[in-house]
Amino acid sequence: MYQFNRAEYEKRMEWYTQARFGMFIHWGLYAIPARGEWVRSQERIPKEDYMRYFEEFNPVDYDPKKWARAAKNAGMKYMVLTAKHHDGFCLFDSKYTDFKSTNTKCGRDLVGEYVEAARAEGLKVGFYYSLLDWYHDDYPHYGDMNHPMRDNPAYGNENRNFDRYLEYLHNQVRELCTNYGKIDILWFDFSYGEGENAMRGETWRATELVDMVRTLQPGVIIDNRLEVSGEGFGSLWEGNPTPYHGDFASPEQIIPPDGLQDKNGNDLIWEACVTMNNNWGYCETDKFFKPSSMLIKKLVECVSKGGNLLLNVGPDAKGNIPPESLSILADIGGWMEKNSDSIYGCGKANLKKPDVGRITRKGNKLYWHIFENTVGCMPLMGLRREEVDCIRWLATGAEAPIAKSWIYDNYPDIVFADLGANPVLPDPVDTVLEITLKE
Ligand code: GLC
């Protein structure tokens, strides 16, 4: 019987909750049609038609050192690359398939180069691995919920051997956990369906899979999608962890309004995965990028609610991260350069959210994220004067004195920070005060 060891779990998660910010990378053959990573499924593209992209794939500009540098300079601490997405194309030299990057014109083990580049920048290494596989003949086709041929009775499942597919899946995960050194995150995606045909948990032979993974990579962190998808939270949330429980919940394209707690009200470790535009994989027409000012505030929001942000880039068919994404990453990096103390290792402050922004906390340090100024001095609601040791502008270390004026005499129970005469805050996006509480 599986015994969840909370002390071991919390030790394993330490670097991750310290890191708070990572890069998701969705890249593969689907960058050529450039209509997102679900293009084969959404457009019901038969395998033989999709193979033209395999014949063509030649990312001449691929340089993962550039990707890793962009992530590092943005203040990200880990990267998660799609080693295999739902289309089944492997960006690594797997001996179990020919449908892999080393058999394309580029002839390169794209994952191997990515791992080296990430490590060279001191970043933690993550692999996304799709449980679904629309290329493998033994994966259910007709009648499946997602397969490109799900509506076509000519693709019946009579001769498909799902156990053989599971062997393939487990063998490839073993390759990823064996051939690339220390792996820090395994991001499986995704479980689906209900009842006896549900593609979840032991349907994937999940206990055996996770036992193998944890034997090969003892410190690895695993997401919750052997159990759920972006929908649902998993058995850790249920308070009844399975042997293959996710180490973190993975809300997708949403920041949980009130953070995430398990059924018993205990804080859950979670990571919001978010696209910069509206697509994970490269989409030529999707120019709806979230402004960097918005994404800085979303990073702060995640941390203020006790979570991580995994922010996605979708490189194009040549291997370039889109310029819009690079610009956003550079802007976030500029803010992080001065304010990362208010992100790394921070979490919920357990104080009422201020009108003007958000609060993150690390030990006896509170970080007041000010998105807009007030009239007069800044009320620091929830703090008592006697508990405040000092207030500093985080970016410069300069003192922000506690206000002393008749104006505030009516509010003796509220601490007001004097932000000076200039009503325009130093940082137009998020000006951070560091408040040190008396120990
Ligand atoms: C969903 C999408 C998948 C994407 C994932 C990222 O599961 O189906 O394409 O990789 O979200 O969280």
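As the structure lists them, so they are numbered: ligands from 1, and atoms in each ligand from 1.
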**OP:** Go through the structure and list residues passing side-chain contact (heavy atoms from CB on, under 4.5 Å) with D93, not counting sequence neighbours.
**Re:** K100, T102, D109

Original post:
Within 45° of the axis and under 6.0 Å from the centre of the six-membered ring of Y62, does NZ or CZ of K318 qualify?
Top reply: no

**OP:** Identify whether the distance between the nearest side-chain nitrogen and carboxylate oxygen of R35 and E43 falls below 4.0 Å.
**Re:** yes

Subject >> Partners passing ring pair (Phe, Tyr, Trp, His ring centres under 6.0 Å) against Y30 (at least two apart in sequence or in another chain) >> reply: H85

Original post:
Is the Y344 to F21 ring centre distance short of 6.0 Å?
Top reply: no

**OP:** At a heavy-atom distance under 4.0 Å, which protein residues reach ligand 1? Sort them by chain and number, would you?
**Re:** F24, H26, E37, W38, H85, H86, Y128, W187, D189, F190, R225, E252, C273, W280

Subject >> Test ring pair (Phe, Tyr, Trp, His ring centres under 6.0 Å) applied to Y139 - qualifying residues, sequence neighbours left out >> reply: Y165

